[in-house]
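Have a look at the structure below, then the notes.
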Protein chains: 2
Amino acid sequence: MSGQWPPGTRVPVEHELMADYGCSRMTVSKVLSGLADRGLIIRRRGAGSEVATPRSERAVLEIQDFAKEAARHGTAYAHEVLRREVIACPVKTAARLGLAARSRLVSVHTLHRVAGRPEALEERLINIAEVPQARTERFLDVPPGTWLLDYVPWTNAEHAIEAINADLLQARLLDIAVGEACLVLERRTWQGGAFITEARITYPGVRHRLVGRFSPDGRD
Amino acid sequence: MSGQWPPGTRVPVEHELMADYGCSRMTVSKVLSGLADRGLIIRRRGAGSEVATPRSERAVLEIQDFAKEAARHGTAYAHEVLRREVIACPVKTAARLGLAARSRLVSVHTLHRVAGRPEALEERLINIAEVPQARTERFLDVPPGTWLLDYVPWTNAEHAIEAINADLLQARLLDIAVGEACLVLERRTWQGGAFITEARITYPGVRHRLVGRFSPDGRD
DNA sequence: TAGTGGTCTAGACCACCGC
DNA sequence: CGGTGGTCTAGACCACTAG
């Protein structure tokens, strides 16, 4: 979870861990099985174990990687960076994110299009102190959400979902009427107490639903 | 998960399960630990294990038991049954729910008030074939959501969240302007393939957010 | 103090993978 | 084929609970 072992890193084999930690194979195995259950590593009998690519999050809220989503449905995806700037964090925002005032952030506004239609509006903040590569990244080839997913580990996330009436600007960008109901999904991510990124994604309510499936045992 | 052992039922002790299933204690223990991890049972060292009261669901979507929620914040809660009737399931609805056409359902419309203000509108369907007690229940003391939570086990659930503009009726009941954005949370529940209940809960968007917290290891 | 769960060990057999 | 994970056993010691 510290990110020290990026996704794909080979996990030491059980016998090695037995020696390293001076405990029995059963004990090592139980720990590794636990990690596998929680989706942190992938174990393959006969082949070894490796650090999993984080599923990012569960069910309802996996809806952020537009490109992948579009590919799954066989539709075209494109994104358009509307604005990108480095800002000093306003005091009010800093308080909300648990950040020092005037911290330097990258602010990116992106419009996501699926099959040519505007599908969502993304307003993103990235903490330069924690993600220095963001200072120069232009997000022309890869939208910020996807870019961050692959490179930045996180330990805590918070989501909020709300409904708003589209204002003039939102309506124009999303090609809907002013006042139309929109779903807003906010996601804030931390790495061990340090703020990483905030995304605020606005979807036209009429065209979008967030869907999730569950079982009481938490397995889906 | 079948509901045969209601919440609070004592789980046989490890030695008994060893004998019943003819396997070692380690094996029994691993299984029980797994059930505990998934929240299906509670284990207490020295005291024994019992079937857990289902947390119903996770994080974002625990927001349905208004009474409990209000109690937590120390505010008054009340509900008002607007309509309650037994209906024959329309063909279109039957298809959506995987139900025989003309199945008998209880339909209940409820308004939830917190601190005197209308907080949410609930439209609920309950399958009489699976929950026969619903046929006569009036839901005057306990709103349908809470009532079902305690008595009916489930194996699968599906959620959807969308945003809509309030229509005239919704606006009047929720005391908001026509056209104001509302969050709609739909929840459908099955028990091993058999449809149990559907809830459609409408919240005024301006006053409500659904919030959840996560970690990559799925522990919150 | 007896009964319970929590954890560990050493050794074993098997299924599967990749060479 | 050797290396890997998946699973099981029998026995052990400990921490905690309830009477």
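Throughout, a chain's letter reflects where its sequence line sits, starting with A, and its residues are numbered from 1.
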Exercise for the section: Test salt bridge (charged side-chain N to carboxylate O under 4.0 Å, His left out) on Arg10(A) and Glu50(A) and set out the steps. Expected result: CA-CA 4 Å; Arg10(A) 182 72 179 248; Glu50(A) 57 180 56; over 6 Å; no

Practice task
Return each pair, listed once, that meets ring pair (Phe, Tyr, Trp, His ring centres under 6.0 Å) where at least one residue sits in residues 117-139 of chain A; pairs must be two or more places apart or across chains.
Solution key: Phe139(A)-Trp147(A)

Handout entry: Flag for Thr197(A)-Arg124(A): side-chain donor and acceptor within less than 3.5 Å
Key = yes

Handout entry: Residues Glu122(A) and His112(A): side-chain donor-acceptor under 3.5 angstrom
Key =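 Short answer, yes.
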
Fill in the blank from the handout: So the contacted stretch of DNA chain D, first to last nucleotide with an atom under 4.0 Å from a non-hydrogen atom of chain A, runs from dG3(D) to dT9(D)

[X] [atom1] - [N] [atom2] separation (whole Å):
X        : N       : atom1 : atom2 : value
Ile42(A) : dC17(C) : CD1   : P     : 15 Å
Arg10(A) : dG18(C) : CZ    : P     : 10 Å
Glu50(A) : dG18(C) : CD    : C1'   : 15 Å

Problem - Among Ile201(B), Thr110(B), Val184(B), Leu82(B), the one residue meeting side-chain contact (heavy atoms from CB on, under 4.5 Å) with Leu121(B) - result: Leu82(B)

Exercise for the section: Among Val108(B), Val81(B), Val106(B), find the residue that satisfies the side-chain contact (heavy atoms from CB on, under 4.5 Å) test when tested with Pro144(B). Expected result: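 When Val108(B), Val81(B), Val106(B) are each tested with Pro144(B), the side-chain contact (heavy atoms from CB on, under 4.5 Å) holds only for Val108(B).
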
Exercise for the section: Inspect the contact between Glu198(B) and Arg96(B) and indicate whether a charged nitrogen and a carboxylate oxygen are less than 4.0 angstrom apart. Expected result: yes

Problem - Atom CG of Asp20(A): over 12 foreign heavy atoms under 6.0 Å - result: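 Atom CG in Asp20(A) is packed in, count exceeds 12.
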
Problem - Pairing partner (Watson-Crick or G-U wobble, both distances under 3.5 angstrom) of dG19(D) - result: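 Its partner is none (no Watson-Crick or G-U wobble pair with both distances under 3.5 Å).
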
Handout entry: Selection: residues 20-34 of chain B, any non-hydrogen atom under 4.0 Å of DNA chain D
Key =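 Those residues are Gly22(B), Cys23(B), Ser24(B), Arg25(B), Met26(B), Thr27(B).
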
